[in-house]
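The structure appears below as structure tokens.
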Amino acid sequence: MAASARGLTAVGVPPFPSWIFYIRIAILVLSLVLLGVAAWAVSLFAGGESAAYGYTGSSGMMVFVTIWSLVVYGGSLGIQFGAPHLFYRIAGLILYILAVIFWLVGWAYAASQAALVLDWSGGYGGAVHDYGSALAVCAGLGAVAWVLSIIDLVFFILACVREVTAPKLSQAELGQVQQPTAPVAPATTSELPQQPAYSQQPYATQ
């Protein structure tokens, strides 16, 4: 538990699998598409017609969710590649958890409203039917984004937790762990090679 907490509260980008980058790109693309669809659905009932034709809360909720997702995942990628020393993992964990919750609420709310509106419209065309179709698209693509956000969250947590022990284990398995070397003591005077002694002969006197 202490190692897990240490990994989740550390600062710096954890060792993600390389394919997590593409998961986040997919979430960002879905967020952009859903933002456009949800904004179009809101515009169908802007002004006084909203009270006459229906409630736009689910499309408004999806607008909020997509903007949140763009800020969280886009900002995360920007910090990851631009300033990794500012990547606070505990903040990322909280934001990713909230993103998962918001995506769940957003697509479930849109699905329930889409079923209600499409059933009420009775297959007829018009703004009401278009609104229900837009909510159905938001529900379907939103569910996909929700699943991708769960995958991203799970592997984020695993990367943070395993970082403490994974490098040591991988080096041991590859046989790359270096054995500690004994400290080399400095050679003493007794261990130095002895120089031959030169005998001093007295000078011969004349």
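These figures come from a predicted structure and were not determined experimentally.
The minimum heavy-atom distance between Gly132 and Ala114, with the atom names listed, is O-CB, 3.7 Å. Nearest approach of Val65 to Gly106, heavy atoms of both residues: CG2-CA, 4.4 Å. Of all heavy-atom pairs between Gly60 and Val42, the closest is N-CG2, 3.9 Å. Shown here for Val37 and Ala134, the closest heavy-atom pair between the two residues is CG1-O, 3.7 Å. Considering all non-hydrogen atoms of both residues, Ala110 and Met62 come closest at CB-CE, 4.4 Å. The two atoms that bring Val137 and Leu34 nearest to each other are O-CD2, 3.9 Å, heavy atoms only.
For Phe155, the ring pair (Phe, Tyr, Trp, His ring centres under 6.0 Å) partners two or more places apart in sequence, or in a different chain, are Trp19. With sequence neighbours left out, Ala143 forms a side chain to side chain contact (heavy atoms under 4.5 Å, CB included) with Trp107. Residues satisfying the ring pair (Phe, Tyr, Trp, His ring centres under 6.0 Å) criterion with Phe87, sequence neighbours excluded, are absent altogether. Residues forming a ring pair (Phe, Tyr, Trp, His ring centres under 6.0 Å) with Phe81 (at least two apart in sequence, or on another chain): Phe21. Legend: residues meeting ring pair (Phe, Tyr, Trp, His ring centres under 6.0 Å) with Trp103, ordered by chain and number and at least two apart, are absent. Applying the side chain to side chain contact (heavy atoms under 4.5 Å, CB included) rule to Val72 yields the partners Trp68, Leu95, Tyr96; only residues at least two apart in sequence or on another chain are considered.
In this structure, Leu77 and Leu28 have side chains that are in contact, with non-hydrogen atoms separated by less than 4.5 Å. Leu93 places none of its side-chain heavy atoms less than 4.5 Å from the side chain of Arg89. Between Leu135 and Tyr109 there is no side-chain heavy-atom pair separated by less than 4.5 Å. Counting heavy atoms from C-beta outward, Val100 and Asp152 have side chains that stay 4.5 Å or more apart. Inter-residue side-chain proximity for Gln113 and Tyr131 is flagged as unmet; no heavy-atom pair is nearer than 4.5 Å.
Atom OG of Ser149 is separated from atom CD1 of Ile97 by 11.5 Å, given to the nearest 0.5 angstrom. Separating the CG atom in Leu158 from the CZ atom in Phe16 is a distance of 11.0 Å, to the nearest 0.5 Å. Note that the CG atom of Leu153 and the CG atom of Leu98 stand 10.5 Å from one another [nearest 0.5 Å].
Within a 6.0 Å sphere centred on OH of Tyr88, other residues, nucleotides and ligands contribute 12 heavy atoms or fewer.
Counting only distance, with no hydrogens or angles, the side chain of Ser133 and the backbone of His129 share a donor-acceptor pair below 3.5 Å. Ser76 contributes no side-chain N or O that, together with a main-chain N or O of Tyr73, makes up a donor-acceptor pair within less than 3.5 Å.
Checked by atom type, the side-chain pair Ser31/Thr66 shows no donor-acceptor distance below 3.5 Å.
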